[in-house]
Protein chains: 2
Amino acid sequence: MTTTSLTTEIGTSIPENLARLIGADITFGRLAAWTRLTEEQVANTYNVSRSPVREAIRLLERDGLIARSSRRGIWVAPLSLKDFDGVYACRIALEALAAEQAARSPHAASTRPAFDRLLTRLRTTLANGDTVGFFEADVEGSEIIYDLADNPTLRRLLLSLEKQALRYRYFAYQHSAEVTALSVNATRDIYARICEGDHARARALTETLIKDIWQSTREVLADFFSEKMP
Amino acid sequence: MTTTSLTTEIGTSIPENLARLIGADITFGRLAAWTRLTEEQVANTYNVSRSPVREAIRLLERDGLIARSSRRGIWVAPLSLKDFDGVYACRIALEALAAEQAARSPHAASTRPAFDRLLTRLRTTLANGDTVGFFEADVEGSEIIYDLADNPTLRRLLLSLEKQALRYRYFAYQHSAEVTALSVNATRDIYARICEGDHARARALTETLIKDIWQSTREVLADFFSEKMP
DNA sequence: ACCTCGTCGTTTGTATACAGAATACTGAAC
DNA sequence: GTTCAGTATTCTGTATACAAACGACGAGGT
């Protein structure tokens, strides 16, 4: 049954696994914005009771993927340009900080092989048009940086922001012909500066890159949201 | 009974109120670091069942005030210099951002009266040695800034960080003879720049102020943590 | 005396039962 | 035909019941 798959998944905790699964459904658009969820429906879907579902909902609410109104129900969080800007304003500041702290790590140099593998993945997925794989590789790269930064608080905040950010990026990707991909070269440079311990340039380049992603994604989103309500 | 007080409190939701009460107990040292909690004990204390207690625990865990280990129990989160540095690294970046965004708000100018009232409170509480009142006023000032910034994501992140930061500041205050108070004049200047819409200076001054608080608090904490384990 | 294994108590995690609130629906009046 | 009131249903929020895991304690062996 689905129950066994839930407990055997890596999280080993049902609420965390539920949040991961439902969160992925939201991020990749399988659950549309404003979709109403009921606890019982989710519980039936995954063959668990409402208790772990409630905990999963709390987690998703804190990650900004689900909106709750007391006693009135649960919806998949809406998307808006304002929310997108808010998320990215925070993300720019914190990603820059993470890159700087990662570059200061004594283990930065020894991470080069992992970065190189990741760059290869970014190039191949991009060449093959595997956008989901590309995004996944990008996210993994971010997590390596968070680990290097060795700051659990920063890590927690960025992981939360990353889910929302990825949701907007994937949404933009689906609604625009062109792939709004980040620059692999810019990513390569950032990785290199981190490995060298050049924290100033690592921070500056990261800030620029995230701002670029913000702007390019924003154009697509702005088009969509303006034609939605003319 | 305590039950009624829980529901009549502003949050109107039992888990939120529980989290607020327990969170305050942790922040102000009434619950010491590493203290073990059990769900049933908390439930009995507040005359509620374990269900809302579990939700409150999740909230406190996300705010970094409680540490959980799956199936092994719940403790009041430990304090450490490294954690403190991590929290403040994030806080510096985000408070600066919030001050900048607040200064860009069209409602910034009309907030001057609220800021003035707050400054009076800061001065009187400081003069009377009412340190708790002083911290509370400072926190309220921050929340006004978050509201002006009009960025729910930023607000959510900062509120979470603020609880941890205040815990460290209160801890330092208790363990040092001198009051490690922030500079009222610096706060006044920041409020003024925000009201004027001078976002560049608002950001720069905020960054300086939070860094100063970080350093002065850090000295006290460093003394304590070094003599604790020599 | 120390280490190991088994049992017991405690505590978390999950399922279910129940109460109350919010919304949707039905019907009647204007 | 529209609107308002009353009822019914559905869903959340809380309480309770049950199962399984972890740790502590003690007995037995080396």
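Residue numbers begin at 1 in each chain, while the letters A, B, ... track the order of the sequences.
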Exercise for the section: Give the rounded distance in Å between these two atoms: CZ of B:R71 and C1' of D:dA19. Expected result: 9 Å
Handout entry: Cationic N near anionic O, under 4.0 Å, B:E39 to B:R58
Key = no
Problem - Criterion salt bridge (charged side-chain N to carboxylate O under 4.0 Å, His left out) on A:R62 and B:D63, from CA distance to verdict - result: CA-CA 10 Å; A:R62 270 293 169 106; B:D63 285 340; 3.3 Å; yes
Practice task
Measure from CH2 on B:W75 to C1' on C:dT12 and round the result to the nearest Å.
Solution key: 12 Å
Problem - Identified ring-ring contact (aromatic ring centres under 6.0 Å, His included) counterpart of A:F224 within the set A:Y168, A:F171, A:F84 - result: A:F171
Practice task
May I ask you to decide if the ring planes of A:F115 and A:Y191 are parallel, tilted or perpendicular, using 30° and 60° as cut-offs?
Solution key: parallel
Practice task
Mind calculating the distance between CD1 (A:I14) and P (C:dT12) to the nearest angstrom?
Solution key: 17 Å
Problem - Whether over 12 other heavy atoms sit under 6.0 Å from A:E40 CD - result: no
Practice task
Could you work out which one of D:dA20, C:dT11, D:dT12 sits closest to the side chain of A:T38?
Solution key: D:dT12
Practice task
Ignoring backbone atoms, test whether B:R72 places a side-chain nitrogen or oxygen under 4.0 Å from the OP1 or OP2 oxygen of D:dG23.
Solution key: yes
Exercise for the section: Determine the interplanar angle of the B:F135 and B:Y173 rings, folded into 0 to 90°, and report it as parallel if under 30°, tilted if 30 to 60°, perpendicular if over 60°. Expected result: perpendicular
Practice task
Could you state the atom-to-atom distance from CD of B:Q41 to C1' of C:dT12 in whole Å?
Solution key: 14 Å
Exercise for the section: Using heavy atoms and a sub-4.0 Å distance, could you list which residues of residues 49-61 of chain B are near DNA chain D? By number, please. Expected result: B:S49, B:R50, B:S51, B:P52
Exercise for the section: Could you tell me whether the side chain of B:T125 and the main chain of B:L122 form a donor-acceptor pair under 3.5 Å? Expected result: yes
Completion exercise
When rounded to whole Å, the CZ to P distance for the pair B:R36 and C:dT12 reads 6 Å
Problem - Ionic contact status for B:R104 with B:E100, cut-off 4.0 Å - result: yes
Problem - Of residues 62-70 of chain B, the positions that come close to DNA chain D - non-hydrogen atoms, cut-off under 4.0 Å - result: none
Handout entry: A:Y146 and its side chain to side chain contact (heavy atoms under 4.5 Å, CB included) partner, picked from A:L94, A:L158, A:L157, A:N151
Key = A:L158
Fill in the blank from the handout: From CD of B:E39 across to P of D:dT14 the rounded distance in Å is 15 Å
